[in-house]
2 protein chains.
Amino acid sequence: MVAAVFGRAIYTRLAVSLRHALLGVLKDRPLTGYDLVRYFQGTLGFLWSAPQSQIYPELRRMEAAGLVTATVKPRGQKAQKRVYAVTEAGMAELRRWATDFMPLPAQRDPVFLKAAFFDLAPLDAVREQLKAHIAQYQWRIEQWQARHDAIRGRRAELVEEWLTRQPVEEHENVIQMKVHALEGVIARAKTEIAWARRGLALCDQIETRRAGAASAESEVANSRA
Amino acid sequence: MVAAVFGRAIYTRLAVSLRHALLGVLKDRPLTGYDLVRYFQGTLGFLWSAPQSQIYPELRRMEAAGLVTATVKPRGQKAQKRVYAVTEAGMAELRRWATDFMPLPAQRDPVFLKAAFFDLAPLDAVREQLKAHIAQYQWRIEQWQARHDAIRGRRAELVEEWLTRQPVEEHENVIQMKVHALEGVIARAKTEIAWARRGLALCDQIETRRAGAASAESEVANSRA
DNA sequence: GTAGTCATGTAAGAGGTTACATGATTAG
DNA sequence: CTAATCATGTAACCTCTTACATGACTAC
């Protein structure tokens, strides 16, 4: 918990998850900023996405805070690269974060907010959005499932590197915890898909009802004629 | 889609959900900023939370953009209040937002990120966090369910006000759409609870395994003695 | 030589959080 | 008269997004 005092405003940092996501990867193996950028585009990006423009400055801040150390290594003739490794203070911070209670993030999902106002959109637009919702979560499930299987099948490179430094009798426990996290996002995604499918069914139902009302109306008009 | 050009950077606004959440409430009935603050603490806050310090400035910006109009009304002898109402442009913007496709927000849930590193925390700390996770989602489910029942039972004041201005044959459709959105967040919360319960079972399993390993070790030590 | 990858940054803005601030009105 | 409620703001900060920028290295 870092508190900064500037004049009268006191801001208390609670979350800072990018920092811990970075520590969580670097603890397995020292990596460059570039490596981390790629890692966040794939593997870890499925749990915590972060753009390149956020990763480089954060690494510098973490270095300044003593959570990581940077080793400058040559690359070809002139170029260099900075390889970051977690310090003891960094590991302590990661453990503290994993241990400490953290309140639920505020409810703020634009999809459900919008869904509450879907009556303002044409039915076909609602259908398209629900179908896109399903497709996007299906794609994510594929990525998560692949990662899940890689960890479970002991083919996840960085995890295995971490395990070589852990007692053998703990290996299965570590893997089960990581697998459990992935099962969480997969389960959530499946729930989202089921919800969107019920939404599509609701659209059909509404369409039928409207058609019924329209034909009943025209019948009345006909009988009047 | 608002594009602002400043020097070389072009920032394209895509989300701005607070604006649409405000329009979505104001379309039912003109309200003051204070009313909206209270509404976001309760009812709508369960779908989109927003603090007071965000609501007042956003209302001013919406007014400047012509999405709402403010009517200054007296309050007692000296005090005044500003009652905001949606304009035609505001309704059009709300409909556009409800209709347009919006990409899924980036994956960024601190709970699952942390869960992937739960092997770094003591088992009891993990248990406590999972139990808190369950409790928090159970509380949210209660709120959402109450809102769900109020809308379904035609006791939701603002929704009913909106319906008086809609054709009777559309009432059931509007209600079903809103109910569907709430069923989405409820279904998701139930999935979260089920996941956290599996996590608690996993903790027990790990504890048993560790106890087994420890006793096996002491047996070896005993037989050696 | 040139296209793709490796590598590291900066600038400007949007949206959200926490805290500070003030005053009128109303119910007891 | 006093506490709660009604009412409206501002300041400072953090995190994330989009876009701009540069240059060395490597495989062809």
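Chain A is the first sequence line, chain B the second, and so forth, proteins listed ahead of strands; every chain is numbered from 1.
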The answer to which of A:Q52 and B:Y56 contacts DNA chain D further toward the 5' end, by nearest nucleotide, is B:Y56
A:P57 side-chain proximity, nearest of C:dT10, D:dT8, C:dG9: C:dT10
Protein-nucleotide distance (A:D35, atom CG; C:dT8, atom C1'), rounded to Å: 13 Å
With the threshold set at under 4.0 Å for non-hydrogen atoms, list the residues of residues 66-86 of chain B touching DNA chain D in residue-number order. B:R75, B:K81, B:R82
Let me see the working for A:D109 and B:R188 under salt bridge (charged side-chain N to carboxylate O under 4.0 Å, His left out), right down to the final yes or no. CA-CA 12 Å; A:D109 189 321; B:R188 180 194 267 200; 2.8 Å; yes
Where at least one partner belongs to residues 105-153 of chain B, residue pairs that pass ring-ring contact (aromatic ring centres under 6.0 Å, His included), sequence neighbours excluded: B:F112-B:W195, B:H133-B:Y137, B:H133-B:W195
Using atom CD of B:Q107 as one end and atom P of D:dT17 as the other, report the distance to the nearest whole Å. 12 Å
What pairs of residues pass the salt bridge (charged side-chain N to carboxylate O under 4.0 Å, His left out) test when at least one of them lies in residues 72-94 of chain B, not counting sequence neighbours? B:E63-B:R82, B:E93-B:R96
Specify the separation, in whole Å, of atom CD1 of A:I55 and atom P of C:dA7. 14 Å
Side chain of B:L18 only, heavy atoms from C-beta on: which candidate in C:dA19, C:dG16, D:dT5 is closest? C:dG16
May I ask you to evaluate whether A:Y34 reaches the phosphate of C:dC6, defined as a side-chain N or O under 4.0 Å from OP1 or OP2? yes
Would you kindly say whether A:S49 and B:R108 are connected by a side-chain donor-acceptor distance under 3.5 Å? yes
Quick one: A:E58 CD to D:dT15 P, roughly how many Å, whole number? 7 Å
Rounded interatomic separation in angstrom, taking CG from B:L104 and P from D:dT17: 14 Å
Looking only at the side chains, is there a donor atom on one of B:Q176 and B:N173 sitting less than 3.5 Å from an acceptor on the other? no
Using 0.5 Å steps for rounding, measure from the CG atom of A:L59 to the CG atom of A:L26. 6.5 Å
B:L31 CG to D:dC6 C1', in whole Å, measures 14 Å
OP1 or OP2 of C:dT17 versus the side-chain N and O atoms of A:R108: is any pair under 4.0 Å? yes
Whole angstrom is fine here: how far is it from CD in B:Q54 over to P in C:dA14? 13 Å
Working to the nearest 0.5 angstrom, can you tell me the gap between A:L47 CG and A:S17 OG? 11.5 Å
Looking only at D:dG9, D:dT17, C:dC6, the nucleotide nearest the A:S53 side chain is D:dT17
Can you tell me the distance, in whole Å, between the CZ atom of A:F40 and the C1' atom of D:dC16? 13 Å
